[in-house]
Structures are given as C-alpha cells and as structure tokens.
S.K.: 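First, the structure itself, so that you have it in front of you.
Everything numeric here is computed off the predicted structure, so don't read it as measured data. Per chain, numbering begins at 1; letters A, B, ... match sequence-line order.
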2 protein chains.
Amino acid sequence: MTMRKIAESTVRRLSLYLRCLEGFEAQGLETVSSDVLAARGGTTSAQVRKDLSFFGSFGKRGLGYSVRELSSALRGILGLGRRYRVAVIGAGKIGSALVQYPGFRQRGFDIVAIFDADTRKVGEAWDGLRVRHVRELDQALRDQPADIVAIVTPGEVAQGMVDRCVALGVKAILNFAPVQLQVPDDVAVKHVNLALEFETLTFALNNR
Amino acid sequence: MTMRKIAESTVRRLSLYLRCLEGFEAQGLETVSSDVLAARGGTTSAQVRKDLSFFGSFGKRGLGYSVRELSSALRGILGLGRRYRVAVIGAGKIGSALVQYPGFRQRGFDIVAIFDADTRKVGEAWDGLRVRHVRELDQALRDQPADIVAIVTPGEVAQGMVDRCVALGVKAILNFAPVQLQVPDDVAVKHVNLALEFETLTFALNNR
DNA sequence: GTGCATTTGTGAAAGATTTCACAATGACCA
DNA sequence: TGGTCATTGTGAAATCTTTCACAAATGCAC
C-alpha cells in the first residue's frame, strides 16, 4: 500500500473524500459513484478515480463504491486506524482554541500536553490539562512522546522549539507561526497561515 | 499589472515573500537577492524570480531587490494598499480566536461584525464588538457591506450562510467549516480545514 | 442467458508549474 | 574607461498534475 511519491494534493483530496463519505454515511447512503463523490468534494469524477487508483481498486464497475468500505480504506491509507498524541506549544488564543475544540478528540487526536513560556499562564488548567512551562518540554516529551507537535508560538521562537522537538524525535509538526521552518527531510511540516489566506483573498478581489 | 491566470501557488508565495521582507526590514536590511529571499521562504531563487516576473521587473541585476521597494510592490500586487472589512459568522471557539487576534487589525483587516444563531451568545461583547443574531445578517451587510466573510459555523448551515452572503454581493469568503462550498465563478473562496492538515500529517507519518 | 445501462480503472494527451541555464545588466574598482 | 563580479529576467526543458476517453466489469430486466 505504501508506494512513494503520492502528491500532496492527492492526500488532501483523500482526506476530503473521507469527510464527504462520513456525510453520506450519516445520510444512510450505501454506495456512491465517483461522480457523486466528486460533486460533493468539488472536483471531477476522473480525479476521484485517479486519486484512488494510486492505492488500489475500491469500487465495483457499474455500481460505484461502498460508502462503508471506501471510508474504511481511506482511513487505512491516511493512517487513521489509531489515535495520535498531540502536544501544543504556545498557550495563546489559537492554542487555546485548538485545545478546547472537541472535534479533534472525535477524529482521533488527543491533546496530551500544552506548554508556554509565560509563567503567568503556567498552571492554568485548560479543559482539564495543566499548562506547563516550556522548560519542561524536553523532559515531558521524553517521558510521554507525542506523535504530532503544534507550534502556536510567536514567529521568533518557533524555529528554536522545532529544533528541540526534532532532536527529541518528533516527526510531524503543524506550524501556525508565520515563519518557514527548517527541518530534516524525514520530518513532515504543515503550515497554517491565516494572514496568507486573507491575502490570497485580497489578491482575488483585486484581480478579476 | 492585472494579467489573468496567475497560479494560486504563485500568489501564496508572494504573500510569503512579503512576510519574509518584513522580517528583513525589521533587521534593517536594505537589499536582498532572490537567493536569500528563497532561503528564508523555503523555495528556490529561480522560483522567486519567476513569480515576480509575472508582475514586472523589480530588481537590479548584480544587486538584488530593494527590500523597501519590493515590499511595497508586493503590497500593491496583493491589494494591501487599503483596509478590508471582515464579517464573522459563528461565535464559537474559532470565531472567538479570530476576532480577538490582534494580528489581523495590524495587517489591514478590520472585523466589523460577528453573528451567531445561538441566542445565548447574542449580546456578548467580544473585544468591543457585540455578537448579533444571524437574522440581522442581511440588514447588517446591506447597511455596512463587508469585503470578506469568514464562515465559522457548523458544516450543516455553512452553505446557507454563504448563499445569503453571495446574494448580498460578498465576493470573498474564508471558510472554516468542513464542507465544500458552492459559489458563482466570480466569488473567491478559501478553505481552512484543520482536520485535513492533521490527516496529511498522519499520512506522512505512515508513508515514509 | 442476452442485451442494455452504468460506472470503474487506467493509459495517453493535455495542461500547468517548476527548474534550468544563460544572456543581459548594473555596480564597483583600479 | 574597461574589466570583473554578482545577480536578474526569461525562454526552453523537465517534471508534475489533471483531464480525456474508452475497454473492461457488473448488475438488472426480460
């Protein structure tokens, strides 16, 4: 199942398809065609079939896909067959929203630790989780490794935190700080940058 | 300046370059080469030059780019020469984080209204802004049009809100709801979907 | 069981984006 | 002024992604 060189765009769509399938499942649908899935997911049926074809053959010709089976296959492909431990560095507004959002737990992501450099925040309990000082970061991650670290610090300190995490063996980072991070090849980084999203919108507003 | 068919990926990088340039400006740097800008932005010098070449010629051969001039040019290209009015629909955790994040105001985005369907939330003041009931949405947007609407509602009601906004002339939407939105061609939509980002990370963790 | 209506899976074609590579230009120095 | 060095701007090539189009399955009706 694990061939190399799957495009980022393909993986994003797989995740999207899974979300659509969960909707169909909730509606009680048993099967979907690539056409219907594409319509819901905002793409084309050929794209759906091509994306899936990188991983195998999941449909029945003439019939479409079993909603249940395809969901299950996608969860397998995306590695969602188990839960993931997430540590959050930075207890500001966005860190807070992350920690308190119940959707993550539902989707298999458990936030297991939150850190901040501000001693005034340390000790606050958020959603049952005590904010710890960043100086405890290394010890905490050694005792209880995290699968994914979310960086929600100011830009200036983000790289330093990432370096510490990488040294501790963290292989996946979700970065909300507005800086590009340097990491070794075997560490996955995803960036979420709201200013950037807003600016692609202002560009669109001014160019059509 | 306004040719058609600029790739989305190019626009995102332009926004990124601007962020890098602001950093260089803060460090007191007068000029940068495409090489230095690329290193900071996580891309290549050829990519930087190609991206810029769609809009004109901003550098001096042998010298590089004036940090000040290039910043200013990019702000022009991205349409950041003025302020933008943003309305937020949905006063949950993420809506709250959005409204209270001071960075948006600093970057030219003013949140001018926030709506929710939950009457218990209506009337709360967030950062000096009163939460209004969604039934006031149409009247409010007619009185005080917004340039950009951020959708922070549950998925089930997102499309309905978008339809109302589009009918009122909104041309740019930032969608945090985990559904694909249908809009006319002349409306720009950007999606922010954290579950999806997490899932591209779990895919990466399981496929290398 | 035959034929019809569907819909998948997939090579090949088209289209888009990134990288290459180099001529052109400007700054600086002697 | 002329030579050297650095760096841009840009066609052309390479690579990557999406779309096309159709043979191969499958179910269903009769």
S.K.: Output the single nucleotide from dC22(D), dT8(D), dT10(D) whose closest atom is nearest the side chain of Lys50(B).
M.R.: dT10(D)

S.K.: Take the protein atom NZ of Lys5(A) and the nucleotide atom C1' of dT15(D), then report the distance between them rounded to whole Å.
M.R.: 10 Å

S.K.: What's the CD-C1' distance between Glu30(B) and dT7(D), to the nearest Å?
M.R.: 18 Å

S.K.: Give a yes or no on whether a salt bridge exists between Asp127(B) and Arg105(B), defined as a side-chain N under 4.0 angstrom from a carboxylate O.
M.R.: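 Here Asp127(B) does not pair with Arg105(B) in a salt bridge, since their nearest N and O are not under 4.0 Å apart.
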
S.K.: Distance check needed: dC20(C) C1' versus Asp35(B) CG, whole Å only.
M.R.: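 Taking CG of Asp35(B) and C1' of dC20(C), I get 14 Å after rounding.
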
S.K.: Once each nucleotide of nucleotides 25-30 of chain C is scored for protein heavy atoms under 4.0 Å, what B/S/- sequence comes out, 5' to 3'?
M.R.: BSS---

S.K.: Using the closest heavy atom to pick a nucleotide of DNA chain D for each, name whichever of Arg13(A) or Arg49(A) lands nearer the 5' end.
M.R.: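 Looking at DNA chain D, the more 5' nearest nucleotide goes with Arg13(A).
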
S.K.: Would you indicate whether the side-chain heavy atoms of Val189(B) and Val162(B) approach each other to under 4.5 Å?
M.R.: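 In short, these two side chains do not touch, never coming nearer than 4.5 Å.
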
S.K.: Which part of the nucleic acid does Ser9(A) contact within heavy-atom distance under 4.0 Å: base, sugar-phosphate only, or nothing?
M.R.: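 Counting heavy atoms under 4.0 Å across all strands, the contact made by Ser9(A) is with sugar-phosphate only.
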
S.K.: Can you check side chain to side chain contact (heavy atoms under 4.5 Å, CB included) on Glu8(B) and Phe203(A), steps first, answer last?
M.R.: CA-CA 10 Å; Glu8(B) 163 88 11; Phe203(A) 179 82; over 6 Å; no

S.K.: Expressed as a whole number of angstroms, how long is the span from Phe58(A):CZ to dA25(D):C1'?
M.R.: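 That distance rounds to 17 Å.
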
S.K.: Do the side chains of Arg164(B) and Leu137(B) get nearer than 4.5 Å, heavy atoms only?
M.R.: yes

S.K.: Within 45 degrees of the axis of the six-membered ring of Phe198(B) and under 6.0 Å from its centre: does Arg107(A) put its NZ or CZ there?
M.R.: no

S.K.: Touch check for Ser45(B), heavy atoms < 4.0 angstrom, all strands: base, sugar-phosphate only, or nothing?
M.R.: nothing

S.K.: Of the nucleotides dT17(D), dT10(D), dT19(C), which has the atom closest to the Thr44(B) side chain?
M.R.: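 Nearest nucleotide to the side chain: dT19(C).
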
S.K.: To the nearest 0.5 Å, tell me how far Ile148(A) CD1 sits from Glu197(B) CD.
M.R.: 11.5 Å

S.K.: Does NZ or CZ of Arg13(A) come closer than 6.0 Å to the centre of the six-membered ring of Tyr17(A), within 45° of the ring's axis?
M.R.: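 Pair Arg13(A)/Tyr17(A) does not count as cation-pi.
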
S.K.: Nearest-Å distance, CG (Asp51(B)) to C1' (dA16(C))?
M.R.: 14 Å

S.K.: Looking at dT17(C), I'd like to know if its phosphate oxygens (OP1 or OP2) sit under 4.0 Å from a side-chain N or O belonging to Gln47(B).
M.R.: no

S.K.: What's the closest nucleotide to the side chain of Tyr65(A) if the choices are dT8(C), dA21(C), dT8(D)?
M.R.: dT8(C)

S.K.: Can you see if the side chain of Ser53(B) gets near the phosphate of dG9(D) - specifically, an N or O under 4.0 Å from OP1 or OP2?
M.R.: no

S.K.: Could you give the CZ-to-P distance, from Phe54(A) to dC16(D), as a whole number of Å?
M.R.: 12 Å

S.K.: Whole Å only: how far is the CG atom of Leu52(B) from the C1' atom of dT18(C)?
M.R.: 15 Å

S.K.: Map Ser34(A) and Thr10(B) onto DNA chain C by nearest heavy atom, then report which one ends up closer to the 5' terminus.
M.R.: Ser34(A)

